[in-house]
Amino acid sequence: MKLYNPSELKKVIEMHGFSFSKSLGQNFLIDGNVLNRIVEGSGVDGESCALEIGPGAGVLTRELANTAKSVVAVEIDKSLMPLLEFTLGEFDNVKIVNEDVLKVDLKELISENFGEAPVHVVANLPYYITTPIIMKFLEDEIPVKSLTVMVQKEVADRMAALPGGKDYGALSAAVQFYTVPKIIAKAEPHCFMPQPKVASVVIRLEVQEKPTVVVKDKDRMFAIIKSAFGQRRKTLLNALSKSPYINIGKDSIQKALEELGLDVNIRGEKLSLEQFARLSDLL
Ligand code: SAM
């Protein structure tokens, strides 16, 4: 069964009387090239496991099942269950969990299903929950090797952005604190059924064993980063001294900037993650 073939997918969908839900972001992949890139790029192999979020009709799940040791796929939509049974029934290494991923205890799910094996997350989700779910994996230190996710192009650009550019912001810093991001594919609207309005990008976030910079108090550093980018038109000195997230006097901030050899009129978007870490340690 080549489920990514549009006529085959249509047949299966019609056979099960399934209708697409816009609010659940149901756009299913129908492009073999993008599928291959996701599976290859995800790093899944015979020794590792895949945690798929939002399997839809199982297009990507089938490819993951052919490659991974085992696959667990979390799908919120109950009406997709019979369809998934049909498309994945031939695999004995796939388990479907009918839950909202935001409500699942992910640590428990991973240890119960995968034990000590390395786990790669693969997700093509509605855009509004993709960033929260990525941050949940990273901030809660859920033990996974990588996250390969389909996101809007603008979001991928922000995640991978370097200091100084317009895309660099709090999301870039947070993602790059925990992972090394790499864009692995582009998916135009015609790669999906039904077609979404905007183009997507597949980004792979390789989770680092240790954060990419050393900092004494990461929560404080992220409060500083949030303050710096909350008012990005202001100088860093003004943004930090007027921030609702931290309470540090202007003099102390100015002293710290000088100690780090930074111009007192610098804007937050010019600072690297390493410089934010040093600033945080000083404040
Ligand atoms: N992975 C499939 C593919 O590429 O063809 C389907 C992708 S579709 C963009 C997103 C899927 O995520 C849908 O099947 C939708 O029902 C599911 N989904 C949406 N919100 C979810 C949630 N909170 N938890 C789990 N699955 C969710």
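Remember, it's 1-based here, ligands and their atoms both numbered in the order they're listed. We're numbering straight along the sequence, starting at 1. Just the heavy atoms: all of them, side chains too, but no hydrogens, waters or symmetry mates, feed the values below.
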Would you mind running through ligand 1 and noting each atom that sits below 4.0 Å from a heavy atom of Asn27? 7 (C), 8 (S), 9 (C)

As an exercise, identify every atom of ligand 1 less than 4.0 angstrom from a heavy atom of Pro55. 1 (N), 2 (C), 6 (C)

Do Tyr168 and Lys270 have side-chain heavy atoms sitting under 4.5 Å apart? no

Output yes when the distance from some N or O of ligand 1 to some N or O of Val59 is under 3.5 Å, and no in every other case. no

Is the centre of the Phe20 ring less than 6.0 Å from the centre of the Phe28 ring? yes

Can you tell whether the side chains of Glu90 and Arg62 come within less than 4.0 Å, N to carboxylate O? yes

Would you kindly specify which portion of Thr61 sits under 4.0 Å from ligand 1, judged on non-hydrogen atoms: side chain, backbone, both or neither? neither

Evaluate the side-chain proximity of Ile38 to Met150: yes if any heavy-atom separation is below 4.5 Å, no if none is. yes

Derivation and outcome, side-chain contact (heavy atoms from CB on, under 4.5 Å), residues Phe91 and Val71: CA-CA 10 Å; Phe91 297 98; Val71 182; over 6 Å; no

Proximal candidate to atom 8 (S) of ligand 1 [heavy atom criterion; set Gly56, Gly54, Gly25]: Gly25

Short list, please: which atoms of ligand 1 are under 4.0 Å from a heavy atom of Leu80? 14 (O)

Among all the protein's non-hydrogen atoms, which is closest to atom 14 (O) of ligand 1, and how far away is it? Glu75 OE1, 2.7 Å

Nearest protein heavy atom with distance in Å, relative to atom 5 (O) of ligand 1: Leu29 N, 2.9 Å

Atoms of ligand 1, numbered as shown, that sit under 4.0 Å from any heavy atom of Ile129: 20 (N), 21 (C), 22 (C), 23 (N)

Proximity flag Asp100 to ligand 1, non-hydrogen atoms under 4.0 Å: yes

Side chains of Ile96 and Met81 in contact at under 4.5 Å (non-hydrogen atoms): yes

Between Phe222 and Tyr245, ring centroids under 6.0 Å: no

Nearest protein heavy-atom contact for atom 21 (C) of ligand 1: which residue, which atom, what distance? Ile76 CG2, 3.5 Å

Provide, to 0.1 Å, the distance between atom 24 (N) of ligand 1 and the closest protein heavy atom, together with that atom's residue and name. Val101 N, 3.0 Å

Give the atom numbers and elements of ligand 1 that come within less than 4.0 Å of a heavy atom of Glu52. 1 (N)

Apply salt bridge (charged side-chain N to carboxylate O under 4.0 Å, His left out) to Arg220 and list each qualifying residue two or more places apart in sequence or on a separate chain. none

Yes or no on side-chain contact (heavy atoms from CB on, under 4.5 Å) for Phe137 and Val149, after CA distance, side-chain angles and deciding distance? CA-CA 12 Å; Phe137 270 99; Val149 287; over 6 Å; no

Does ligand 1 have an atom that lies less than 4.0 angstrom from a heavy atom of Glu99? yes

Got the closest protein heavy atom to atom 10 (C) of ligand 1, with its distance? Asn124 O, 3.0 Å

Linking Ile, Leu, Val, Met, Phe, Trp and Tyr through side-chain heavy atoms less than 4.5 Å apart, which residues share a cluster with Leu24? Ile76

Ligand 1 atoms in contact with Val74 (distance to a heavy atom under 4.0 Å): 25 (C), 26 (N)

Quick one: do Glu274 and Arg278 make a salt bridge, cutoff under 4.0 Å? yes

Test your reading of the structure: does Pro126 have an N or O sitting under 3.5 Å from an N or O of ligand 1? no

May I ask whether Ile30 has any heavy atom positioned less than 4.0 angstrom from an atom of ligand 1? no

